[in-house]
Amino acid sequence: SDKGQQRDRAQPCPPGRFPGRGGDLCRLRRILKQDRLAGPQPVDPRIAVEPDASARDKIAVFRADRGQDFASLSQIQFELGNVLAQQGDLPQAVNQYRQALATAEQAGSDETLEQRILALNNLAYHLHLLGDPTATDYARLGLELAQEKGVLGLQAYLNSTLGEISLAGGDLAAAEA
């Protein structure tokens with residue numbers, strides 16, 4: 001509804017988990033949501049491009065503005081993957097998760113550790129939905145990384161993904177483990 005869209009635009013972006021980047025990601029989410037619901041309506045003059053520009057065009061402008069901030073870029077690619085998955089475009093979502101993973105690895109720091117783990121999980125899950133047998137490899141890699149680095153909170157997601165993959169393969173014992 002129009003009131004819902006107006007309310008969404010009127011609410012300020014809450015501070016993000018990552019200081020300094022929460023507002024950028026909030027603005028990007030709004031842009032992507034606007035493209036989906038009402039057509040392009042830029043909310044930030046730095047990201048304003050042609051009225052018929054796609055979300056990808058806006059992200060390209062956003063990227064240029066951010067420079068070599070690999071952590072932010074990886075988060076943007078990950079969020080775009082989530083949006084594409086919600087829209088049902090799983091092959092493109094998988095491509096975005098691959099890009100998010102590659103970008104996070106480029107940073108080569110612990111700052112992107114959680115991003116790498118989440119990208120591996122979402123990549124595994126959506127590859128599984130596409131019937132790709134490599135899904136298990138990505139989920140296991142993510143779980144190994146999370147265990148090695150002691151990231152307990154994300155291990156549940158990876159175990160859930162591995163369980164779904166095992167269940168779909170008929171391995172009830174592994175799915176329950």
Side-chain angles (χ1 to χ4, degrees), residues 11-33 55 59 62-63 65-177:
Q11 292 177 346
C13 292
R17 268 182 54 185
F18 304 101
R21 288 182 269 164
D24 292 338
L25 295 175
C26 182
R27 285 193 303 274
L28 178 63
R29 284 187 189 116
R30 283 189 183 161
I31 289 168
L32 295 173
K33 185 176 181 181
I59 289 170
F62 189 83
R63 279 182 180 170
D65 183 53
R66 298 296 297 170
Q68 294 297 314
D69 184 352
F70 293 116
S72 290
L73 180 54
S74 175
Q75 181 70 32
I76 290 167
Q77 292 165 329
F78 181 81
E79 293 294 342
L80 182 56
N82 289 340
V83 169
L84 289 164
Q86 289 172 0
Q87 292 177 339
D89 192 348
L90 299 185
Q92 284 302 315
V94 164
N95 287 337
Q96 285 301 313
Y97 295 134
R98 287 184 198 277
Q99 287 181 15
L101 179 60
T103 302
E105 288 175 346
Q106 257 187 311
S109 70
D110 285 341
E111 180 183 10
T112 60
L113 175 63
E114 286 187 11
Q115 194 61 40
R116 288 182 292 174
I117 295 168
L118 287 170
L120 286 164
N121 179 70
N122 284 27
L123 182 57
Y125 181 76
H126 291 91
L127 283 171
H128 162 65
L129 293 178
L130 291 170
D132 188 320
T134 63
T136 304
D137 298 332
Y138 286 103
R140 285 187 182 141
L141 183 61
L143 184 59
E144 289 171 12
L145 182 59
Q147 289 171 338
E148 176 186 314
K149 299 292 186 172
V151 184
L152 300 176
L154 299 182
Q155 291 178 32
Y157 298 117
L158 293 152
N159 283 320
S160 175
T161 298
L162 285 166
E164 286 193 42
I165 293 169
S166 297
L167 188 59
D171 188 350
L172 187 58
E176 290 178 337

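Quick caveat: nothing in here was measured; it's all calculated off a predicted structure. If you read the sequence from its start, that first residue is 1, and numbering goes on from there.
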Between [atom1] on residue [X] and [atom2] on residue [Y], distance to nearest 0.5 Å:
| X | Y | atom1 | atom2 | answer |
| --- | --- | --- | --- | --- |
| Leu118 | Leu101 | CG | CG | 11.0 Å |
| Leu162 | Asn121 | CG | CG | 8.5 Å |
| Leu154 | Gln115 | CG | CD | 10.0 Å |
| Leu141 | Leu158 | CG | CG | 9.5 Å |
| Gln75 | Glu114 | CD | CD | 10.0 Å |

Do [X] and [Y] have side chains that approach each other closer than 4.5 Å (heavy atoms only, starting at C-beta)?
| X | Y | answer |
| --- | --- | --- |
| Leu127 | Leu123 | yes |
| Phe78 | Asn122 | yes |
| Leu84 | Leu80 | yes |
| Tyr138 | Arg98 | yes |
| Gln77 | Leu73 | yes |
| Arg116 | Leu113 | yes |
| His128 | Asp132 | no |

How close do [X] and [Y] get, heavy atom to heavy atom, and via which atoms?
| X | Y | result |
| --- | --- | --- |
| Gly142 | Leu120 | CA-CD1, 3.6 Å |
| Ala104 | Thr112 | O-OG1, 2.9 Å |
| Ile117 | Ala146 | CD1-CA, 3.7 Å |
| Ala85 | Ala93 | N-CB, 3.7 Å |
| Ser166 | Ala174 | OG-CB, 3.6 Å |

Given side chain to side chain donor-acceptor pair (under 3.5 Å), test Gln92 with Gln96 step by step and report yes or no. CA-CA 6 Å; Gln92 284 302 315; Gln96 285 301 313; 5.2 Å; no

Just wondering, are more than 12 heavy atoms of other shown residues or ligands nearer than 6.0 Å to OH in Tyr125?
no

(Q) Apply side chain to side chain donor-acceptor pair (under 3.5 Å) to residues Tyr97 and Asn82 and explain how you reach the verdict. (A) CA-CA 8 Å; Tyr97 295 134; Asn82 289 340; 2.6 Å; yes

Within the side chain of Ser160, is there an N or O that forms a donor-acceptor pair under 3.5 Å with the backbone of Ala156? no

